[in-house]
Amino acid sequence: MTVPALAAQAAGDELGSTPVGRLMGEYILHMTVERGLSANTLSAYRRDLLRYHRYLKTQAVSEPAEISRQHVTGFARAVAEGSDGQSPLSPRSAARTIVAVRGLHRFWALEGVCATDPAREVHPPVAGRRLPKAISVTEVERILDAVDTGTPTGLRDRALLEFLYSTGSRISEAVGLDVDDVSLQEESGIPGVVRLFGKGSKERLVPVGSYAAKAVDAYLVRARPLLAAKGRGIPALFLNARGGRLSRQSAWTILKAAAERASVAQGVSPHTLRHSFATHLLEGGADVRVVQELLGHASVTTTQVYTLVTADTLREVYAAAHPRALG
């Protein structure tokens, strides 16, 4: 049994033997097997539905047919206020939770478990628009230059950070790569290409810039063999000091340490380099749909939020430079 399937089974066990809990467990299993969602997305769905199940138990609800719109709206209010005995959620997290609940009830209605969908008219709270955090090209370069490449792990760290900024990959995509997923052979003026696997295991090809290609090549030749000798010879591209696959947490620590050494503003995360990658491409004149493809966004609407960042930058430059911009 796969890891996601085991997780779904564990969720079903925790939900218990009541009809509501059992059918929630079946829905989670459906999401695991049929939808091909990532482990992180499945974990969020499982956590949200477990909270919903606990809330329904406090309302003495054990059958899906007993759930009314008032139960769903009561739960939406509970997660926002924390009145169900758990921590209140931010508008964004509360919206995600209600989306999970709406998906559950829609599935039950389609499968004939319930005659109606009590969540159909319940809308998640509107989350405030959160613009992606991007840093300047100079700040990116300072972070990259702050890495000490005098050790095998230092060469790995420089290769990882160069790779993240060059490809705009998610941190989970980068640490999940194997050596065979990357080709550093120059073609059409582009030094290399990488095969990335995004959300839902969707595959896309992304160019690797010359700086990143050189850094990855130096790591593969001078550092990775030394790290691999300490492990079991796994195919992972980025290895930890014990020869195992580098974790997301370790990659975050690598970036945080480099940002601190570079004296770059606090709050830099692995996603910061992805945001900066998109913003800098758009500022350089790249088409938004090309950036959408490179980022692996299913909808261009998701990518267009970066154009807001670029527009803000343009306004700032205009206000500072034009002689009649400000009265």
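In what follows, residues are counted from 1 in the order of the sequence shown. All values below come from the heavy atoms of this structure, side chains included, with hydrogens, waters and symmetry mates left out. All figures in this text were calculated on a predicted structure; none of them were measured in a lab.
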Ionic contact status for Glu26 with Arg22, cut-off 4.0 Å: yes
Which atom pairs, one a donor and one an acceptor, fall under 3.5 Å between side chains of residues 74-83 and the rest of the protein, sequence neighbours left out?
none

Could you note down all residue pairs passing salt bridge (charged side-chain N to carboxylate O under 4.0 Å, His left out) where residues 98-124 supplies at least one of them, sequence neighbours left out? none
So if you build clusters from Ile, Leu, Val, Met, Phe, Trp, Tyr with side-chain heavy-atom gaps below 4.5 Å, do Val101 and Val113 land together? yes
When rounded to the nearest 0.5 angstrom, what is the spacing between SG in Cys114 and CG in Leu23? 8.0 Å
What's the spacing between Asp217 CG and Leu155 CG if we round to 0.5 Å? 11.0 Å
Test ring pair (Phe, Tyr, Trp, His ring centres under 6.0 Å) applied to Tyr219 - qualifying residues, sequence neighbours left out: Phe238
Return all side-chain donor-acceptor pairs below 3.5 angstrom for residues 225-236, not counting sequence neighbours, or 'none' if the list is empty.
none

Sort and list the pairs that fulfil salt bridge (charged side-chain N to carboxylate O under 4.0 Å, His left out) and have at least one residue in residues 155-179, not counting sequence neighbours. Asp145-Arg158, Arg158-Glu162, Arg170-Glu173, Glu173-Arg204, Asp178-Arg245
Decide side-chain contact (heavy atoms from CB on, under 4.5 Å) for Leu273 and Val268; before the verdict, give the C-alpha distance in whole Å, the side-chain angles of both, and the deciding distance to 0.1 Å. CA-CA 8 Å; Leu273 293 183; Val268 174; 5.8 Å; no
Pairwise distance CD(Glu293) to CG(Leu205) - rounded to 0.5 angstrom: 9.0 Å
Pair His275, Thr272: side-chain N/O donor-acceptor within cut-off below 3.5 Å: no
Taking the side chain as every heavy atom from C-beta outward, state whether Pro118 and His105 have any atom pair closer than 4.5 Å. yes
Quick one: pull up CG in Leu50 and CE in Met24 and give me the separation to the nearest 0.5 Å. 8.5 Å
Hey, are Arg54 and Asp84 close enough for a salt bridge, meaning a charged N less than 4.0 Å from a carboxylate O? no
Specify whether Tyr27 and Phe107 have parallel, tilted or perpendicular ring planes, treating 30° as the upper limit for parallel and 60° as the lower limit for perpendicular. tilted
Quick one: does Arg274's side chain have a donor or acceptor within less than 3.5 Å of a partner on Ser169's backbone? no
May I have all residue pairs that pass side chain to side chain donor-acceptor pair (under 3.5 Å) and include part of residues 247-265, sequence neighbours excluded? Asn40-Arg248, Ser247-Ser250
Nearest heavy-atom neighbours spanning Ile135 and Ser276: N-OG, 3.0 Å
Taking atom CZ of Arg222 as the centre, report whether more than 12 heavy atoms of other residues, nucleotides or ligands fall under 6.0 Å from it. no
Got a second to check how far Leu144's CG is from Tyr165's OH, nearest 0.5 Å? 8.5 Å
Are Tyr55 and Val61 packed together at the side-chain level, in the sense that at least one heavy-atom pair is separated by less than 4.5 angstrom? no
Side-chain heavy atoms nearer than 4.5 Å, only ILVMFWY residues, links allowed to pass through others: does that put Val179 and Leu196 together? yes
Are the side chains of Ser183 and Val208 in contact, using a 4.5 Å heavy-atom criterion? no
Which value, rounded to the nearest 0.5 Å, describes the distance between Leu164 atom CG and Ile254 atom CD1? 9.5 Å
